[in-house]
Colleague: 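Before anything else, here's the structure in question.
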Amino acid sequence: MRKLIILVLSLVFIGLVVSGCSNSKDASKDYVSEGPSDNFNEEGFPIVEEQITLKFFARKSPPNGPYNEMKMFNEYEQMTNIDIDWDDVPQDGFQERKSLEFSSGELPDAFYKSSITPLEAVEYGSSGVLIPLEGLLEEYAPNLTALYNEYPEIKSSITAPDGHIYALPAILTLNAARTDKIWINKTWLNNLELEAPTTPDELVSVLEAFRDNDPNGNGEKDEIPMTFRNFGQLLNSMIGSWGMIDQMGNHLMIEDGKVQFWMTDNRFKEYLQFLHKLYDENLMDRGVFTQEESNFVGNMASGNVGIFWNQTTDAFNKVKDDYTGISPIIGPDGDQLYSAGPIARDFGTFAITSKNEHPQATMRWIDHFFSEEGSIFFRYGIEGDTFHYDEEGLPEYTDEVLNSDQGLGPTIGQFTPWPGGGSPQFVTEKNASAINPPEAQEAQEMLDPFLPDPIYGTPIFDEDTTKEVDQIRQDMDQYFEESASKFITGDLSFDKWDDYVSTIEGMGLDRLTEIYQEAYDRTN
Amino acid sequence: MSNATAKRKKALKRILSRFDLYLMLLLPISWYVIFQYGPMYGLQIAFKDYNPIQGFIGSEWVGLENFTRFFSSYYFGRLLWNTLSISLLSLLIAFPIPIFLALLINEIKNLNLKKTLQNVTYIPHFISLVVIVGMLDLFLSPDGGFINIILNSLGIESIPFLEKPEWFKTIFIGSNIWQNMGWQSIIYVAALSGIDHQLYEAAKIDGASRLQRIIHVSLPGIFPVIIILLILDIGQFMNVGFEKILLMQNNLNLESSEVIQTFVYRNGILNGDYSYSTAIGLFNSIINFALLLLINRYARKKAETSLW
């Protein structure tokens, strides 16, 4: 009996320890009118006269070195007089550490590169753990405000339903950083005396020629006419030619202010039928449904592929002269749209907590990285040490960095946190030569006229709506992906299309459309 | 002084005189309490709408909502069927094979041959799962996988095995057998070597053939071990090889590869829907627990061997 009591007591004790958390503050506190202290400068550097220390919680990706030793941040500390005490947590188990950080009450002053999800932003924002940023942005973030004014869709994708902004995204105004280019093997085209395809029929005949006519001239039928990274890319690759692209981070389009999911659209059926034809006649790589990323990268690098989609040339550097970028094909109804990621990518890269005693200074600290000068500083480090300007005035890493034995990513990751993704950063034509070599830029020009404008990011819902959306999509997404895959491979015949449509509708498509419509209306 | 207190005193004395040994128990016990029983406290969130800010205690009770959501999910029937059928088939097919292997190894008298066979069958156990699945991918690939090359040379068209739901269970269980039969047979080999040699000699003198000796001496000799392992296996009945299934899954074979555990992982852990995934996990554990009780009771009655 006594043993049992002890056991129960210890369980309760452990429970108390585990659940000891929960601190919340009133969110209505106004962080702007409070007024800055004498120590704070509203403009220029340093940001504060006397040094202050802030504790930042950050994710450390595999290529990143320790944050406290990053040259770029150390230099920035000299400039701003703000010393950042970094709690840089490795990527493995990061999500758990972040949840603990949120719930333990031992809050940092800010979350940096922490991939805060929309749900987290709403939950912790409305409960007062994260502070609303819109006032601070207005007053102390001229660079970010200018960008938000120039691209209004950024604001709509980061504003919570209660009208507050709790977390900042990364901003990529460079189109080339947001699209997969369409690469075609021009050597094969030349060998077979073919033109780049412009319609579905031409595409089929070019692929047939790639399949049958031995374009690499080795006497074997070993060519892969067309391949894709994975199922998601396969689905999105040519769908714009059937008039549909993803908006709001989802399989939906916005036509005349109306939100419409295209999963049940008749044009989508036609598109699937086209993909089925490609699959059935072995015109595309059948491994797409099962392969690992490494298979795809290997295929690209081998140069033995006719057509594939990829952002830039680094993965197939050795054979890149064989490839050229082309425009999307013109669909049966004359459509020629092309999908791209939104300008406000990577939601939740930066957020300030209620524990922070210097929110103004913190906002000014982050805002600098969204200026032209600051963004180059962020991505390239210190002039003369880690980069220099080339003849055209564009930044370029020093040879020492470029030729490092460690590999480019890890070397850059020693002095700035951007390798590994998800940083609060500003990517433009000027500061992205690494992802923007001339070949990729040329390929991008083939796509630019076909990008939709604007591209809306995933909207933020309040907590209850998020849950409702999750519940609907939990079944729906899986059913959709599974069925679409089967339509393509022919495991599901198109006779069953109507069943498929009614199943999707039965899962709550109308309600989902309604929710997204509301989100769209709210911000437009 | 009553009898009971005297007994207790005696026990206490015994413990005190060997206190250092008992001290060593402290570590495993606290490990169990902290890591095995402690987390059970968190099970309550299966009945709550868990929110990390409010914590385990503060979160709102929602009753059986998470369970009803799971049971009314579009995929519930399929999940349950896949989980049960994969478990059942594994049990029926994969469980006896290590026993046969052990009997075989036991019968081989040539020491070199015996060692070689054991090594060959053990090795796959030491290959990491990711590599195993990668190998399956390669072997079964419709273009260039050696299985399909063999099929082609026999005049049969390539089969994209991993994309066909009807092949999934065969591949999963087949490769499981290949991976584990050697390893699992070790315990039977050990049990077999513990059987008294006089029994074999006596059987021989009585004129029993080799097969008869296996059936009447070897098998009964390891029968208790078989039952115990069977019960232990059944306790894990619903926990089919989660990591391997997840690695082998793709959109095309989901129909027969989606099991409760992968569903929990994808919808609960990846989406951060902790309450929901806890509810599903709890459901899974309850089935396991019920099966374990059932089979243990049955074994105790019929085979007179049991875990407790």
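Letters A, B, ... mirror the listed sequences (proteins, then strands); counts begin at 1. Just so it is clear, the structure is predicted and the values come from calculations on it, not from any experiment.
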Colleague: Which residue out of A:Thr503, A:Thr290, A:Asn295 racks up the most heavy-atom pairs below 4.5 Å with chain B?
Modeller: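 The residue among A:Thr503, A:Thr290, A:Asn295 with the greatest pair count is A:Thr290.
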Colleague: After noting the C-alpha distance and the side-chain angles of B:Arg78 and A:Glu482, does the key distance pass the salt bridge (Lys or Arg N to Asp or Glu O under 4.0 Å) rule?
Modeller: CA-CA 14 Å; B:Arg78 180 168 105 177; A:Glu482 220 180 301; 2.8 Å; yes
Colleague: Atom CZ of residue position B:Phe19 - does it have more than 12 heavy atoms of other residues, nucleotides or ligands inside 6.0 Å?
Modeller: no
Colleague: If you measure from CZ on A:Phe480 to CG on B:Asn251, what distance do you get to the nearest 0.5 Å?
Modeller: 9.5 Å
Colleague: Using a cut-off of 6.0 Å, state whether more than 12 heavy atoms not belonging to B:Trp178 lie near its atom CH2.
Modeller: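 Enclosed: over 12 neighbouring heavy atoms sit under 6.0 Å from CH2 of B:Trp178.
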Colleague: Taking CZ in B:Phe242 as the centre, count heavy atoms belonging to other residues, nucleotides or ligands within less than 6.0 Å. Is the count above 12?
Modeller: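 Yes, because the 6.0 Å sphere around CZ of B:Phe242 holds more than 12 heavy atoms from other groups.
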Colleague: Could you tell me which portion of A:Phe231 (side chain, backbone, both or neither) has an atom closer than 4.5 angstrom to a non-hydrogen atom of chain B?
Modeller: side chain
Colleague: If you count every heavy atom of other residues, nucleotides or ligands that lies below 6.0 Å from A:Glu505 atom CD, does the total exceed 12?
Modeller: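 Result for CD/A:Glu505: enclosed.
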Colleague: Quick check: are there more than 12 heavy atoms from other residues, nucleotides or ligands sitting under 6.0 Å from CG of B:Leu27?
Modeller: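 No, because the 6.0 Å sphere around CG of B:Leu27 holds 12 heavy atoms or fewer from other groups.
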Colleague: Do B:Tyr276 and A:Gln474 have side chains that approach each other closer than 4.5 Å (heavy atoms only, starting at C-beta)?
Modeller: yes
Colleague: Compare every heavy atom of B:Tyr74 with every heavy atom of A:Tyr479, then report the nearest pair and how far apart it is.
Modeller: CE1-OH, 3.4 Å
Colleague: With a sphere of 6.0 Å drawn around CD of B:Glu157, does it hold more than 12 non-hydrogen atoms of other residues, nucleotides or ligands?
Modeller: no
Colleague: Could you check whether atom CZ of B:Phe289 has more than 12 heavy atoms from other residues, nucleotides or ligands sitting under 6.0 Å from it?
Modeller: no
Colleague: Taking side chain as everything from C-beta outward and backbone as N, CA, C, O, which of these in B:Glu258 sits under 4.5 Å from a heavy atom of chain A? Side chain, backbone, both or neither.
Modeller: side chain
Colleague: Which bit of A:Asp475 is near chain B, if near means a heavy-atom gap under 4.5 Å: side chain, backbone, both or neither?
Modeller: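 For A:Asp475, heavy atoms of backbone and side chain both lie under 4.5 Å from chain B.
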Colleague: Rounded at 0.5 Å granularity, tell me how far OG in A:Ser485 sits from CG in B:Asn250.
Modeller: 8.0 Å
Colleague: Heavy-atom distances under 4.5 Å only: say whether A:Met476 touches chain B with side chain, backbone, both or neither.
Modeller: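 It is neither, since no heavy atom gets under 4.5 Å.
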Colleague: Can you confirm whether B:Glu255 sits close enough to A:Asp491 that some side-chain heavy atom of one is under 4.5 Å from a side-chain heavy atom of the other?
Modeller: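 No, side chains not in contact.
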Colleague: Counting only heavy atoms from other residues, nucleotides and ligands, does the tally under 6.0 Å from CD of B:Glu60 exceed 12?
Modeller: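 No - once you tally the heavy atoms of other residues, nucleotides and ligands closer than 6.0 Å, there are 12 at most.
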Colleague: I need the A:Gln471 CD to B:Ser73 OG distance, nearest 0.5 Å.
Modeller: 10.5 Å
Colleague: Hey, which of A:Lys486, A:Gln95, A:Met507, A:Gln478 has the most heavy atom pairs under 4.5 Å with chain B?
Modeller: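 Result: the option with the highest number of such pairs is A:Gln478.
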Colleague: Can you tell which part of B:Ser141 gets under 4.5 Å to a heavy atom of chain A, answering side chain, backbone, both or neither?
Modeller: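 Nothing of B:Ser141, per the 4.5 Å heavy-atom cut-off to chain A.
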Colleague: Chain A heavy atoms under 4.5 Å from B:Phe263: which part of the residue, side chain, backbone, both or neither?
Modeller: side chain
Colleague: So, taking the atom named OG in B:Ser275 and the one named NZ in A:Lys467, what distance separates them when rounded to the nearest 0.5 Å?
Modeller: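 Spacing of OG (B:Ser275) from NZ (A:Lys467) equals 7.5 Å.
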Colleague: Tell me, side chain or backbone of B:Asn253 under 4.5 Å from chain A's heavy atoms, or both, or neither?
Modeller: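 Interface part for B:Asn253: neither.
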Colleague: Which bit of A:Glu120 comes within less than 4.5 Å of chain B, counting heavy atoms only: side chain, backbone, both or neither?
Modeller: neither
Colleague: Is any side-chain N of the basic residue among B:Glu163 and A:Arg286 closer than 4.0 Å to the acidic one's carboxylate O?
Modeller: no
